[in-house]
Amino acid sequence: MQLSEQELIRRQSLRELIKLGINPYPAELFEVNTSALDIHTHYPNQKIDYKDVSIAGRIMSRRVMGNASFAELQDETGRIQVYFRRDDICPGEDKTLYNTVFKKLLDIGDIIGVKGYVFTTQTGEISIHVTSFKVLSKSLKPLPVVKETKDEQGNVVLHDAFTDPEQRYRQRYVDLVVNPHVRDAFIKRTKLVNSMREYLNNKGYLEVETPILQPLYGGAAARPFKTHHNTLDMTLYLRIANELYLKRLIVGGFNGVYEFSKDFRNEGMSRFHNPEFTQVELYVAYKDYYWMMDLVEEMIEKVAIDLHGITEVKVGEHVIDFKRPWKRFTMYEAIQHFTGIDISEMDEAALRETCKKLQVPVDNTMGKGKLIDQVFGEKCEPNLVQPTFITDYPLEMSPLAKKHRSKPGLVERFEAICNRKEICNSFSELNDPLDQRERFEEQLELGKRGDEEAMTLDEDFLRALEYGMPPTAGLGIGIDRLSMVMTNSPSIQDVIFFPQMKPEKQAEVSTEADFAAIGVRAELLPILQKLGIHTVEQLKGIKATKLFNDIPGMRKKLKLDAVQNPTLQEIEGWLK
RNA sequence: GAUCUAGUAGCUCAGUCGGUAGAGCAAUACACUUUUAAUGUAUGGGUCCUGGGUUCGAGUCCCAGCUGGAUCACCA
């Protein structure tokens, strides 16, 4: 119930197709031997090969003109114009297939298969001259109509584009059909993952899978999603990271392991945060974080080239160049560079004073590490557009990283910042089991003091370290964040097919059966709808005499002569 | 969680001072044998997000809610 006018018309067309003996949803396959892109690229040079083509796709526009018509068919690769001529489709006396089926019963959005030959129209557009067509799927909902034109530079310009973000994310299938740039962004995302996988496989690292359901969550500082296993009757958490499992595999003797993993964090959402997101984590034995920096540069440069052909990527108003080598700053150097202040020798009190001077907001719970991080976040990160490595972080913030080989109070850690956001995080992994236990215990203290993101102590992980883990370099790259940069997308929702949303609420509407149950004839429903009465409850709140007046009035206005007016008695019956 | 902002036809959007709800595309009908944002003529299409309030009268003003978006906070 409550179908729009256009939906009703399409359902009617569906019935008429069936009446004509046409199955609108045939079961058998439709053989395709080319694609829109293939025709556009190769037809001009190999005309001979396109005398007998078969292609399938969605009708995206129609221009019907008497005995000949044009339509645009869209397949996975793009659009191709198709040309229908009545006497080619219907060589005999019966012109139903063209006059009725094509002209009246097909709509924008329907999926059809066509056979014919490729030619070039007088206006120079490569098109398919259709000799036969087949309905493959009738579309019952009108697609948002987006018209395309090309400007002088040949760029596609969209008119009346489907832009409402809420609808685009809720109905991504529609977004993908009508917004070609959306599809491109997702194709680039997949290419990005493939490019990395290829790089890592060529180095001989092993792609592995580790548990998503974990009895203890660890490897990062974040609140988890909690769930319950019935048979084991135990709490399980969706992983916030897979770091601790991958390191167990390094203990087990693998030299290099990586995993593309969906991780889950029960935190606020924003245009940079979705509750489930993707990371690739990599661990390589006998390496350190300097070595890992070289790997990151090399791999991301390759990704940029695989996606764009060059190392430069346009992001917002900037052009970001991933060409090696990237700038490297220690955190202290970066702060000195952007504020002119050397904080390397400062104690907590001096830092606090510096923050005040720089107007960096702080609170009393912040320790030394947190203060340094705060200065960096406020004064440095916003300036880092080109890919830059920041190295040597305060120890307090990195409970899984190895202490710096020469600088006390710091760890061997780096992040790559790009377009003002972190895109990766890496360290020389802490493999000293006694040190690791102490760090975990410090985290437990933080937890007791109310830090909801403090790490838990994982005894099994410590046991693994106690057997001995080789010196190891570890890396995590946020795939969503990197995809945003590589596809020039301002929101994470543009690189996740189905971003998390609150459920949509349907307006409360009673069904035909609900109305029938209290004795309302179905033919009266359009009248009630017109009167603004959509639910039985609503109806029952109205006086019988008012309905007795209003219904015949609206019946007359709608010219529903065939409908019999209800009697007052009948109406009183509904309201009982 | 806070602030700002939006929700009107299938889509994109207008709606003046509070007074009968509008346009383009899409749809329907007719015309048209190479159009291309096809064209011309005519027609139909609305829970103005929901619920309250003020008012003779609310798409419009007020309050509350729902669902987005932006910024911030939290967080990579």
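As the structure is a prediction and not an experimental result, all values here were calculated from the model. Letters A, B, ... are given to chains in the order of the sequence lines, protein chains preceding strands, and every chain is numbered from 1.
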Practice item. Calculate the interatomic distance between A/Leu8 atom CG and B/A9 atom P; express it in whole Å. Key: 17 Å

Study note, to complete from the structure: Rounded to whole Å, CZ of A/Phe102 lies from P of B/U35 at a distance of 16 Å

**Study point:** Residues forming a side chain to side chain donor-acceptor pair (under 3.5 Å) with A/Arg63, sequence neighbours excluded
**Key:** A/Gln81

All side chain to side chain contact (heavy atoms under 4.5 Å, CB included) counterparts of [X], not counting sequence neighbours:
| X | value |
| --- | --- |
| A/Asp160 | none |
| A/Val101 | A/Leu17, A/Leu20, A/Ile22, A/Leu97, A/Phe133 |
| A/Val82 | A/Ala71, A/Leu73, A/Phe84, A/Val114, A/Ile128, A/Val130 |

Check your understanding: Start at the 5' end of RNA chain B and walk down; is the nucleotide closest to A/Arg170 or to A/Phe376 reached first?
Key -> A/Arg170

Exercise for review: Decide yes or no, distance alone: a donor-acceptor N/O pair under 3.5 angstrom between the base of B/U35 and the side-chain of A/Glu125.
Suggested key: no

**Study point:** Check: B/U35 base within 3.5 Å donor-acceptor of A/Thr121 side chain
**Key:**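 Indeed, a donor on one side and an acceptor on the other fall under 3.5 Å apart.
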
Review point. If only side-chain N and O atoms of A/Gln493 are considered, is one of them under 4.0 Å from the OP1 or OP2 phosphate oxygen of B/G69?
Key: yes

Exercise for review: Would you please confirm or rule out a distance under 4.0 Å between OP1 or OP2 of B/U71 and any side-chain N or O of A/Arg271?
Suggested key: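 Yes, A/Arg271 has a side-chain N/O under 4.0 Å of OP1/OP2 on B/U71.
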
Study note, to complete from the structure: Its contact letters, B for base, S for sugar-phosphate only and - for none at protein heavy atoms under 4.0 Å, make nucleotides 22-32 of chain B read --BSBSSSS-B

Check your understanding: Ion pair present between A/Glu72 and A/Lys147, side-chain N to carboxylate O less than 4.0 angstrom?
Key ->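 Not counted as a salt bridge, because no side-chain N and carboxylate O are separated by less than 4.0 Å.
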
Check your understanding: So which pairs with a foot in residues 376-389 of chain A pass side-chain hydrogen bond (donor to acceptor under 3.5 Å, both in side chains), sequence neighbours left out?
Key ->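 For residues 376-389 of chain A, and leaving out neighbouring residues, there are no side-chain hydrogen bond (donor to acceptor under 3.5 Å, both in side chains) pairs at all.
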
Check your understanding: Nearest of B/U35, B/U33, B/G68 to any side-chain atom of A/Arg63?
Key -> B/U35

Check your understanding: Taking the side chain of A/Tyr83 as heavy atoms from C-beta outward, which of B/U12, B/U34, B/G10 is closest to it?
Key ->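 So the side chain of A/Tyr83 is nearest to B/U34.
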
